[in-house]
Amino acid sequence: MSKLGNIGARLYRGEVGYDFIGKRKIWYGLSILITITAIVGLAVRGLNMGIEFSGGAVFTTPKTSISASEAQHKAESAAGGHQAVVQKLGGGALRIQISGLDTKQALPVQEELAKDLNVQVKDVNTQLVGPSWGEQIANKAWLGLGIFMVLVVLYLAIAFEWRMALAALVALIHDLTITVGVYALVGFEVTPGTVIGLLTILGYSLYDTVVVFDSLKEASKDITKQTRFTYSEIANRSINSTLVRSINTTVVALLPVAGLLFVGGGVLGAGMLNDISLALFVGLAAGAYSSIFIATPLVAELKSREPQMKALTKRVQAKRAAAAAKEADQEGPRADAEDADAEDADGAAVVGPRQQPASRNRGRGRPSGKRR
């Protein structure tokens, strides 16, 4: 068995483990700090909305020797200061995206681009995108997100309980906030691909959470009939028993997404892959984190406030205190006996020839001179 598999087996059996529940305040504080950073980035920098949401024009040019950065400078000059996004296409062609242009402004920009790139005007393909189309996509995305949240909460409340449903909802909001905040901080463009990525990570985020919840539900069955563990301790054992599984599934899911983001988007320059890959990468990582450090500790905290669980905690603590006192009482006589044995051994060790009885030496020595 591999080393990781051996650790996973020991975690599953409860032989080793990490106290996730006991140190939950640390993870809460870390999550709050990350969330605040994401919200500040979102408020200060805002989202770089793509042309599909803000409206504008997309110009596709034929093969040209001009670099993307030079083409961006020429496009922004032709558009009168409007921001331009330039991407290299196959065969040396360019895709120039300029937000905020209407039909009247697009034609002069097309002519100016053709002149700067030294191509004919008819060879520059122009496509106009109205902001109403992006607004419809955004509204449908919000509607789909709302329906998804409601269905998730209802399912988890029925399959598990309302505390787990609430914890899963908090974890989902946590993951979405961090992902959107990262988009604002790095300045990546928000496109329909980004929306697809955001909706996709919700399922991945719930997967690890439901796995831990299912293990917790099974382990906490008839929990009040025993006095070995509290609910928080059983929740912590559930996290540890599924920890290696969660890590493995997250790493396997992140590897191809990382390939899209860093290799496809970064090295090869396929910028359109960044739209969906960044959302997936950040969302998958945040989902794995929230299922371990946010959702389950929150369930344990809510559940531990129940009167039954409070009573169970008192019984467990009383039993452990009684066991500790009994062990201390047994250690007392055992220590006294060991001390007495040590004293006897010390006393026997000093016995020597000088302590032998004098009667043993009688009749020995010089002869008396009498004849027998």
Side-chain angles (χ1 to χ4, degrees), residues 4 8-9 11-14 17-21 24 27-28 31 34-35 144-179 196-223 229-257 279-306 309:
L4 184 59
L11 286 169
Y12 182 79
R13 293 192 298 266
Y18 181 80
D19 190 9
F20 294 98
I21 305 299
R24 61 183 180 273
W27 315 125
Y28 289 168
S31 295
I34 296 174
T35 304
L145 179 61
I147 294 175
F148 176 83
M149 292 288 193
V150 172
L151 293 178
V152 165
V153 170
L154 290 177
Y155 170 76
L156 293 178
I158 295 173
F160 299 99
E161 60 172 300
W162 68 267
R163 295 170 187 80
M164 293 184 177
L166 178 61
L169 181 62
V170 171
L172 284 176
I173 296 174
H174 167 273
D175 300 341
L176 288 174
T177 304
I178 291 178
T179 305
I196 295 173
L198 289 174
L199 295 178
T200 304
I201 65 174
L202 299 179
Y204 282 101
S205 176
L206 281 174
Y207 175 77
D208 288 335
T209 303
V210 172
V211 168
V212 180
F213 283 178
D214 185 66
S215 175
L216 177 57
K217 179 183 178 182
E218 184 67 24
S220 61
K221 187 178 181 181
D222 298 330
I223 185 176
F229 304 107
T230 64
Y231 188 89
S232 295
E233 292 170 345
I234 290 180
N236 195 70
R237 289 169 64 93
S238 298
I239 297 176
N240 282 278
S241 65
T242 58
L243 182 61
V244 174
R245 178 180 178 180
S246 298
I247 293 175
N248 288 336
T249 54
T250 302
V251 170
V252 170
L254 282 176
L255 286 177
V257 177
L280 290 176
F281 187 85
V282 177
L284 287 174
Y289 171 84
S290 63
S291 64
I292 297 173
F293 297 100
I294 302 298
T296 308
L298 184 57
V299 171
E301 186 170 358
L302 293 175
K303 193 73 174 178
S304 298
R305 297 178 181 179
E306 291 185 351
M309 298 305 157

Pair up each side-chain donor or acceptor in residues 282-289 with any protein partner under 3.5 Å, not counting sequence neighbours, and list the distances.
residue	atom	partner	partner atom	Å
Tyr289	OH	Trp27	O	3.3
Tyr289	OH	Ser31	OG	3.1

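- Tested against Ser291 for a side chain to side chain contact (heavy atoms under 4.5 Å, CB included), the candidates Ile239, Thr209, Thr296 yield a single pass: Thr209.
- Tyr231 has its side chain within reach of Val299: a pair of non-hydrogen atoms, C-beta onward, lies under 4.5 Å apart.
- The OG1 atom of Thr200 sits 5.5 Å away from the CG atom of Leu280 when rounded to the nearest 0.5 Å.
- Counting all heavy atoms, side chain and backbone alike, Ala235 lies closest to Leu216 at CA-CD1, 3.5 Å.
- The minimum heavy-atom distance between Met149 and Leu169, with the atom names listed, is SD-CD1, 3.5 Å.
- At a threshold of 4.5 Å between non-hydrogen side-chain atoms, the residues Leu145 and Leu176 count as touching.
- Taking all atoms of both residues into account, the shortest heavy-atom contact from Ala171 to Ala295 is CB-CB, 4.2 Å.
- Tested against Leu172 for a side chain to side chain contact (heavy atoms under 4.5 Å, CB included), the candidates Ile201, Leu206, Thr177 yield a single pass: Leu206.
- To the nearest 0.5 Å, atom CZ of residue Phe229 and atom CG of residue Asn236 are 11.0 Å apart.
- Between the side chain of Ser215 and the main chain of Val211, no donor-acceptor pair closer than 3.5 Å is present.
- Atom CG of Leu199 and atom CZ of Phe148 lie 8.5 Å apart (nearest 0.5 Å).
- Note that OG1 of Thr179 is 9.5 Å distant from NE2 of His174, once rounded to the nearest 0.5 Å.
- Counting heavy atoms from C-beta on, the side chains of Tyr28 and Leu298 come closer than 4.5 Å.
- One distance of note links CE of Met309 with OG of Ser220; it measures 7.0 Å at 0.5 Å rounding.
- Residues Ser238 and Thr242 share a closest heavy-atom pair of O-OG1, 3.0 Å.
- Not counting sequence neighbours, the partners of Phe281 by the ring pair (Phe, Tyr, Trp, His ring centres under 6.0 Å) test are Phe262.
- Of all non-hydrogen atoms in Ala159 and Lys217, the two that sit nearest each other are O-NZ, 2.9 Å.
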**OP:** Given side chain to side chain contact (heavy atoms under 4.5 Å, CB included), test Leu243 with Ile292 step by step and report yes or no.
**Re:** CA-CA 8 Å; Leu243 182 61; Ile292 297 173; 3.7 Å; yes

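- Using a 4.0 Å cut-off between charged nitrogen and carboxylate oxygen, Lys303 and Glu306 count as a salt-bridge pair.
- Salt bridge annotation for Arg237-Glu233: absent, with no cationic side-chain nitrogen under 4.0 angstrom from a carboxylate oxygen.
- Note that CD1 of Ile21 and OG1 of Thr230 are 9.5 Å apart. Values are rounded to the nearest 0.5 Å.
- A donor-acceptor pair under 3.5 Å links the side-chain atoms of Asn240 to the main chain of Tyr18, judged by distance alone.
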